[in-house]
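First the structure, in the form of structure tokens, and then the observations on it.
In this text, all values refer to a predicted model and were calculated from it rather than measured experimentally. In each ligand, atom 1 is the first atom listed, and ligand 1 is the first ligand listed. As a basis for the values below, the full set of heavy atoms in this structure was taken, side chains included, without hydrogen atoms, waters or symmetry mates.
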Amino acid sequence: MLKKTISVLLASSALFAGDVLYSVKDKPVYSDATSTKVIGKLLPTNAIEVLVEEGERVKFKLKGYQNPTAPNVIYFTDKARIFSLAFAKTATPDIKVDVKGENGKWNSVSVEAYTTKGDFENKMEPMMERASKLYSDNCSICHTLNTVDHFTANQWPSTFRAMLDRTPIQKEDVWLVIEYLQKNASDMKK
Ligand code: HEC
């Protein structure tokens with residue numbers, strides 16, 4: 001009986017090639033399956049595709065946008081500075097340009113890299129709901145809560161961080177809330 005329960009749990013935590021997952025927190029990014037040198041940070045709520053599981057790591061693919069003047073940051077959109085994956089300035093990541101941006105537009109790119117296996121969920125809605133609640137619970141303590149679309153995606157990070165110290169929001173949730181605010185900002189509405 002006990003044995004059965006354990007195997008079910010293990011099976012449900014395994015990652016499969018082709019799975020689309022979203023990280024709940026910012027996660028370390030590596031260039032391969034074993035190196036301990038962190039070359040970047042994968043931000044929460046961004047979709048990755050699992051390529052292969054290798055030991056404690058997972059090789060993944062992520063699609064996004066690249067501003068040619070800051071090539072080591074992969075953005076969620078070509079309209080605003082919403083980070084999906086930020087590589088260190090000195091890193092030499094394997095970024096492939098899928099569509100070159102014309103006339104100053106950003107490139108459409110994909111990148112392959114490695115991260116740890118934990119802290120992924122297969123649905124984005126529950127983590128966005130949690131972020132929404134963190135925002136509304138904590139940012140309405142002293143004054144009226146601004147609607148999320150009161151600011152643009154580029155305004156949110158500094159606006160939020162300026163007030164962060166006044167709230168009990170945990171460090172590990174900061175990026176989750178920032179991504180939530182940016183992705184629901186006034187200029188991100190469809
Ligand atoms: C402990 C009380 C407190 C909490 C909690 C709080 N604020 Fe504020 N907020 C203030 C006060 C007081 C001001 C007035 C300006 C100042 O003191 O900086 C303010 C001003 C603001 C402004 C206007 C800033 C400006 O420059 O006019 C925004 C936007 C804002 N808060 C957003 C937030 C957000 C987002 C959160 C949650 C992360 C938050 N606040 C949490 C007290 C708080």
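Under a 4.0 Å criterion applied to the non-hydrogen atoms of T159, ligand 1 contributes the atoms 29 (C). Atom numbering of ligand 1 starts at 1 in the shown order; those under 4.0 Å from a heavy atom of N138 are 5 (C). Close contacts between ligand 1 and F160 involve ligand atoms 38 (C) [criterion: under 4.0 Å to a heavy atom]. Remark: ligand 1 atoms within the under-4.0 Å shell around heavy atoms of Y135 are 35 (C). Annotation for ligand 1: atoms under 4.0 Å from non-hydrogen atoms of T167 are 5 (C), 37 (C), 38 (C). For ligand 1, the atoms sitting less than 4.0 Å from at least one non-hydrogen atom of F151 are 29 (C), numbered in the order shown with element in parentheses.
Checked against the 6.0 Å centroid criterion, the rings of Y180 and W156 do not qualify as a close aromatic pair.
Within the protein, the N, O or S atoms sitting under 2.8 Å from atom 8 (Fe) of ligand 1 are H143 NE2, M163 SD.
Not a single donor-acceptor pair under 3.5 Å links the side chain of S132 to the backbone N or O of M128. Side chain of N72 to backbone of A91: a donor-acceptor contact under 3.5 angstrom is found.
Distance screen at 4.0 Å: atom 15 (C) of ligand 1 has no protein heavy-atom neighbour inside the cut-off. There is a protein heavy atom less than 4.0 angstrom from atom 40 (N) of ligand 1. Contact annotation for atom 37 (C) of ligand 1: protein present (non-hydrogen atoms, distance under 4.0 Å). In this structure, atom 18 (O) of ligand 1 has a protein heavy-atom contact shorter than 4.0 Å. Protein heavy atoms come within 4.0 Å of atom 21 (C) of ligand 1.
Taking every heavy atom of both residues into account, T115 and Y30 meet most closely at CA-CD1, 4.3 Å.
Judged by the 6.0 Å and 45° rule, K183 forms a cation-pi pair with F76. Both tests do not hold together for R81 against Y75: distance to the six-membered ring centre under 6.0 Å, angle to the ring axis within 45°. In this structure, K105 is not positioned above the aromatic face of Y65 in the sense of NZ or CZ being under 6.0 Å from the six-membered ring centre and within 45° of the axis.
Using a cut-off of 4.0 Å between Lys/Arg side-chain N and Asp/Glu carboxylate O, D98 and K96 are scored as salt-bridged. With salt bridges taken as basic N to acidic carboxylate O contacts below 4.0 Å, none links E49 and K61.
With sequence neighbours left out, T69 forms a side-chain hydrogen bond (donor to acceptor under 3.5 Å, both in side chains) with N67. Applying the side-chain hydrogen bond (donor to acceptor under 3.5 Å, both in side chains) test to Q66 and every residue at least two apart in sequence or in another chain returns N107. Applying the side-chain hydrogen bond (donor to acceptor under 3.5 Å, both in side chains) test to D94 and every residue at least two apart in sequence or in another chain returns nothing.
When hydrogens are left out, the protein atom nearest atom 28 (C) of ligand 1 is N146 OD1, 4.1 Å; that is the closest non-hydrogen contact.
Here I169 has no heavy atoms under 4.0 Å from ligand 1, in either its backbone or its side chain.
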